[in-house]
S.K.: 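Sending over a structure as C-alpha cells; questions will come in a sec.
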Amino acid sequence: MTTKQLQEELLTLKKKNQVTILAHYYQPIEIQEIADYVGDSLGLSQKVSKINSEYLIFAGVDFMAETASILNQDKHVLIPNYESCCPMAAFLTPELVREFKNEYPDLPVVVYVNSTATVKAESDICCTSSNAVKVVNNIGIEFNVESVLFGPDANLADYTEQISGIRCIPMPDIGHCYVHSQIKPEHLMEMRKKFPHANLLVHPECTRKVRELADFVGSTAHMYYKVKNSSSNDIDFIIGTEIGLIQRMTQDFPEKNFYPVMDKLICYNMKKHNLELIKYLLENLDDKTFEVKVPAEIAKRAIKPIEKMLDFS
Ligand code: SF4
C-alpha cells in the first residue's frame, strides 16, 4: 500500500468514527497532511479548547496530549505512541517548582507549556514561545513585580527577559531543548556565507549567541507567518528549528527556498508517531493503553494557568 492510499484509508476511518486529529508542525509531513489542525503549541491549545468530537488523536509529545486532556476532561485523548515524550519537560518537577516558590514566595510562577501537568498545577500561568513576552508582561503588572520564576527552558527565559525587561529566573538554569540548543553560531555563519541574501529565522529556544546572529526570532507559528507574509522578493530562508516546519513550508510556499541551518535538526521524540500507529488507534478507539488522562484533581489545578494564558492570547 502506498502512503497516499494509507492516508486515504485513514481519512475515511477518521470521518466514519468522527475523530479529530491534531498535529504539531514538527510531526512527519504525512501525518500533518491528514490532520484536522496543524499548529504550534499555542495554536493547538486554542483549537483543543473548542473541539466537539468525543475522540481526539494528538500527534505530538506527551505534554501536548496532557494539555488536551486537561482542557477536555470529558473526552478521550489518544496518543499514537506513548513513548513520545519531551526531554525538556523532564527538567522541571513539581518538587523543584515548590523549592523555588519557597525561596521566592512573592514571585509568580510562569511555566512553558512544554511541562508536565503536575508542574502546570503548581504554576500561576502558562506560556508558549509565541506568547511568553506578552504573558510575562501581563503577569508582572498583575503581581506588581519586576521578576518572575520561569521554567523549564532557560533559553526561552533569557529571550523573554531580554524582550520584556522583566527578570525571568530560570527553573532550572540548565533546562533546554536538545534540538534547538545544538545550533551553534558557527552553523549560522557558515549558512550566511553560502546564502548571503537569505533571511535567517531562529526559534527562541536557541541560545542567546545564536539568536543574536539571526534576522528574526520567533516561534514556529511566527516563522510560518513571517514567510507567508514576506514580499515576493524574499525567496530564500534559512530556518533554525525542527525540520518538520521546513517540510510544511516547502509544501505551502513552493515559490520560496528553505535551508535548514544545520543537518539533522530533528526532534526524534516527535517523530515516534507514524500512519500505521494512527490507523491502529482509529480501529481501536477504546484501547486504554493509548489514552492520556490527567487525573481530575491535577487537571482541576492545571486548567487555571492554561486558561489564564488563553485569556491573555
Ligand atoms: S523540539 Fe525540543 S521542546 Fe519540542 S518536543 Fe522536541 S525536545 Fe521537546
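Note that ligands are numbered from 1 as they come in the structure, with each ligand's atoms numbered from 1 the same way. Keep in mind that what you see is a predicted model, and the values were worked out from it rather than measured. Just the heavy atoms: all of them, side chains too, but no hydrogens, waters or symmetry mates, feed the values below.
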S.K.: Below 2.8 Å of atom 2 (Fe) of ligand 1, tally up the protein N/O/S atoms for me.
M.R.: 1
S.K.: In the structure I gave you, are the side-chain heavy atoms of Leu200 and Val202 within less than 4.5 Å of one another anywhere?
M.R.: yes
S.K.: Relative to the heavy atoms of Tyr26, which atoms of ligand 1 are at a distance of less than 4.0 Å?
M.R.: 1 (S)
S.K.: May I ask you to say whether Glu142 pairs ionically with Lys308, meaning some side-chain N is under 4.0 Å from a carboxylate O?
M.R.: yes
S.K.: Once side chain to side chain contact (heavy atoms under 4.5 Å, CB included) is applied, do any residues pair with Glu146, and if so which ones, sequence neighbours excluded?
M.R.: none
S.K.: Going by the salt bridge (Lys or Arg N to Asp or Glu O under 4.0 Å) test, which pairs reach into residues 27-53, not counting sequence neighbours?
M.R.: Lys14-Asp36
S.K.: Name the atoms and distances for all side-chain donor-acceptor pairs under 3.5 Å in residues 261-268, with sequence neighbours left out.
M.R.:
none

S.K.: Knowing that exactly one of His180, Lys271, His24, Gln27 qualifies, which makes a side chain to side chain donor-acceptor pair (under 3.5 Å) with Glu242?
M.R.: Lys271
